[in-house]
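These numbers come from a predicted model, not from an experiment.
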Amino acid sequence: QLQLVESGGGLVQPGGSLRLSCVASGITLDAYAIGWFRQAPGKEREAVSCLGNDEPPYYSNSVKGRFTISRDNAKNTVWLQMNSLKPEDTAVYYCAARAGLSSLNSDLYDNWGQGTQVSVSS
């Protein structure tokens, strides 16, 4: 059974950095694309980034140039390096998996982690 576990969230000051991890179990990661999504209180879920196997990464305009997604299939892990964090990045961050190509459309993902809280505040 596919399971995703996120970690690495926390409280950081504006301009700071965090690295989120998404560890997959029950699958061979190289057959899956991973997406990162976030949801702030009172707001709709928002796409952040996605990365398929042997594909280029995709980023939402709000994080482009600040966030970097990467993966290590041997470790069944995908990371989201977040730099120059802003208060508006505060949200619960989720990773999600889908077989095949990556997408920033969250409706195409059917496997989700439990989320990790990221708070950016001074």
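- Within a 6.0 Å sphere centred on CD of Glu44, other residues, nucleotides and ligands contribute 12 heavy atoms or fewer.
- For the pair Arg19 and Trp36, the cation does not sit on the ring face, since its NZ or CZ is not both under 6.0 Å from the ring centre and inside 45° of the axis.
- Across Val92 and Gln117, no two heavy atoms sit closer than the pair CG2-OE1, 3.2 Å.
- Looking at Leu51, Leu80, Leu29, Thr77 one by one, the single match for side-chain contact (heavy atoms from CB on, under 4.5 Å) with Ile34 turns out to be Leu29.
- Atom CD1 in Ile27 sits 6.0 Å away from atom CG in Asn76 (nearest 0.5 Å).
- Proximity of Pro57 to Cys50: side-chain heavy atoms (C-beta onward) are nowhere separated by under 4.5 Å.
- Rounded to the nearest 0.5 Å, atoms SG (Cys95) and CD1 (Ile69) are 9.5 Å apart.
- Residues Arg66 and Asp89 are paired through a salt bridge, judged by an N-O separation under 4.0 Å between the basic side chain and the carboxylate.
- Here side-chain hydrogen bond (donor to acceptor under 3.5 Å, both in side chains) pairs that include residues 46-57, with residues two or more places apart or in two chains, are Arg38-Glu46, Glu46-Ser62, Asn53-Asn73, Glu55-Ser102.
- Neither Phe37 nor Leu4 shares a network with the other; the hydrophobic side chains, linked directly or stepwise wherever heavy atoms of I, L, V, M, F, W or Y lie under 4.5 Å apart, form separate groups for each.
- Side-chain contact between Thr116 and Leu20 is present, with at least one heavy-atom pair separated by less than 4.5 Å.
- With hydrophobic clusters built from ILVMFWY side chains whose heavy atoms lie under 4.5 angstrom apart, Tyr32 does not share a cluster with Val23.
- Val48 places none of its side-chain heavy atoms less than 4.5 Å from the side chain of Leu104.
- Note: Tyr93 and Phe67 have tilted aromatic rings, judged against thresholds of 30 and 60 degrees for the angle between ring planes.
- Between the CZ atom of Arg98 and the CG atom of Asp107 there is a distance of 11.0 Å, given to the nearest 0.5 Å.
- Between atom SG of residue Cys22 and atom CD of residue Glu6 there is a gap of 5.5 Å, rounded to the nearest 0.5 Å.
- For the residue pair Val118 and Gly9, the shortest heavy atom distance occurs at CG2-CA, 4.1 Å.
- Side chains of Ser17 and Asn83: a donor-acceptor N/O pair is present below 3.5 angstrom, by distance only.
- In terms of heavy-atom proximity, Pro14 sits nearest to Ser122 at CD-N, 3.7 Å.
- Across Tyr59 and Val63, no two heavy atoms sit closer than the pair CB-CG2, 4.1 Å.
- In this pair, Trp112 and Tyr94 present their aromatic rings perpendicular. The plane angle is above 60°, beyond the 30 to 60° band.
- For the side-chain contact (heavy atoms from CB on, under 4.5 Å) with Val120, the qualifying choice from Leu11, Leu18, Val12 is Val12, the only one to do so.
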